Amino acid sequence: MSNNNVQIFDTTLRDGEQVPGCKLNTEQKLIIAEQLDILGVDVIEAGFPVSSPGDFKSVEAISKIIKNATVCGLTRAVENDIKVAAEALKYAKRARIHTGIGTSDSHIKFKFNSNREDIIERAVRAVSYAKSFVEDVEFYAEDAGRTDNDYLARVCEAVIKAGATVLNIPDTTGYCLPSEYGAKIKYLKENVKGIDKAILSCHCHNDLGLATANSIEGVINGARQIECTINGIGERAGNTALEEVVMILKQHPYLNLDTRIKTEMLYGISQLVSDSMGIYTQPNKAIVGANAFAHSSGIHQDGVIKQRETYEIIDPKDVGVTESAIVLTARSGRAALAYRAKNIGYELTKLQLDEIYTSFLDFADTKKQVDDDDIHQIIEKSKVYNEISS
Ligand code: KIV
Ligand code: ZN
């Protein structure tokens with residue numbers, strides 16, 4: 001694997017599914033997992049097998065059908081969790097156990113009523129035990145975002161020695177600033193003995209709207225895996241959005257970091273996840289929102305009609321959207337009206353356009369959006385159009 005490849009670890013079916021009221025059944029999970037595999041993700045986190053018989057069944061069923069991606073199951077640093085995950089993953093072509101424990105002082109004190117040395121011992125024990133089932137073991141240092149860097153480095157060093165192949169550095173509470181998260185990854189790269197034997201992974205939550213920025217800072221500073229979900233769904237304000245990090249790396253080639261994602265599938269898979277979970281995607285959502293390629297102000301419409309790149313940095317076809325939308329509202333100009341009229345078969349002269357534009361504005365003031373039927377009616381009712389055309 002070349003060093004500029006960023007692995008995409010999709011956790012839509014685990015962290016993403018933690019959205020209240022969005023539980024998926026096994027059939028729905030299988031359909032999504034299959035699409036994720038075709039999309040080209042490197043790892044599919046299929047669930048948390050010990051959490052329920054249904055989750056166990058889903059992880060097992062996904063393990064049986066996935067052809068390319070590594071299938072991963074989450075555990076706590078608890079023997080039984082790890083044993084159950086190994087059992088659920090036994091049919092996977094490539095299996096990974098994802099185990100870990102909280103490392104911030106607040107987790108150590110309040111969650112575990114423990115101390116730093118004991119946490120390191122538990123972490124090492126969990127990784128060694130997971131290693132007895134699978135070669136590929138990812139360790140997460142929960143709340144790494146609020147864990148002091150010296151201690152985090154000691155934890156990482158110990159679990160690498162125990163055989164961890166991937167080190168997940170979660171900003172569990174979405175607290176870090178991008179500069180802080182990037183510096184954390186850099187610190188680990190520079191201070192953990194044996195770090196070259198493992199891949200550093202970014203797992204950022206979006207409580208302050210910084211998940212995507214933090215993940216990008218992470219890979220700029222040496223991480224080579226991003227944990228993310230389709231549409232950025234997940235616990236509370238969600239996780240890093242897969243489509244965002246993938247397109248950022250694609251649109252900024254000078255970063256020299258890329259992924260194996262077939263970006264033309266992004267819009268379709270976004271719709272699949274949103275329909276299956278019954279979660280509406282906000283219209284202004286980057287990359288996959290309904291308005292991501294829609295232009296409604298006259299100035300922008302005129303620019304896009306002349307040359308798409310004036311107001312678009314992504315070709316909509318690159319993410320599976322057929323074309324940019326020129327939306328007609330009371331803010332639209334003549335260029336947009338002429339363009340939309342032409343799309344439904346009317347080639348308007350300048351004189352016709354001037355008159356029809358006035359009727360269009362009167363009509364548009366009464367309606368949020370003017371559709372093809374409305375344009376048709378406005379044109380057919382127009383005196384000047386009928387006089388000149390007959
Ligand atoms: O946010 C987090 O810390 C997690 C871990 C369980 C990986 O989801
Ligand atoms: Zn998480």
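Not measured: the values here are computed from a predicted model. Order of appearance sets the numbers: ligands from 1, and atoms from 1 within every ligand.
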Please identify which atoms of ligand 1 are closer than 4.0 Å to at least one heavy atom of [X].
X	result
E142	3 (O)
P170	2 (C), 3 (O)
D15	8 (O)
N168	7 (C)

- Return the orientation label for the F9 and H98 ring planes: parallel under 30°, perpendicular over 60°, tilted otherwise.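 If you compare the ring of F9 with that of H98, the planes turn out perpendicular.
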- Message: Check the orientation of H203 and H205. Use parallel for under 30°, tilted for 30 to 60°, and perpendicular for over 60°.
- Response: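 Ring orientation of H203 relative to H205: tilted.
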Tell me which protein heavy atom sits closest to [atom], plus the residue, atom name and distance to 0.1 Å.
atom	value
atom 1 (O) of ligand 1	H205 NE2, 3.0 Å
atom 4 (C) of ligand 1	H203 NE2, 3.5 Å
atom 3 (O) of ligand 1	T172 OG1, 2.7 Å

Side-chain heavy-atom pair [X], [Y] within 4.5 angstrom cut-off:
X	Y	value
V327	T329	yes
L89	V134	no
I8	V246	yes

- Item | side chain to side chain contact (heavy atoms under 4.5 Å, CB included) partner of L249, chosen from I261, T259, D258, N256 |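 It is T259, the one option of I261, T259, D258, N256 that forms the side chain to side chain contact (heavy atoms under 4.5 Å, CB included) with L249.
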- Message: Check this for me: R334, atom CZ, are more than 12 non-hydrogen atoms of other residues, nucleotides or ligands nearer than 6.0 Å?
- Response: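 It does: R334 CZ has more than 12 such atoms within range.
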- Item | D143 side chain to S104 side chain, donor-acceptor N/O pair below 3.5 angstrom |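 Yes, because at least one side-chain N or O of D143 sits under 3.5 Å from a partner of the opposite role on S104.
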- Task: Go through the side-chain N and O atoms of D136 and T165 and say whether any donor and acceptor fall under 3.5 Å apart.
- Result: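 T165 and D136 do have a side-chain donor-acceptor pair below 3.5 Å.
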- Message: A cation-pi test, strictly: NZ or CZ of R14 under 6.0 Å from the centre of the six-membered ring of F48 and no more than 45 degrees from its axis. Yes or no?
- Response: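 Verdict for F48: no cation-pi partner in R14.
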- Does ligand 1 have any atom sitting under 4.0 Å from a heavy atom of E235?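 Distance cut 4.0 Å: E235 fails for ligand 1.
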- What do we get for H107 next to ligand 1 when only non-hydrogen atoms under 4.0 Å count, side chain, backbone, both or neither?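 Neither part.
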- Using a cut-off of 2.8 Å, find all protein N, O or S atoms closer to the Zn ion (ligand 2) than that distance.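 Those protein N, O or S atoms (cut-off: under 2.8 Å from the Zn ion (ligand 2)) are D15 OD2, H203 NE2, H205 NE2.
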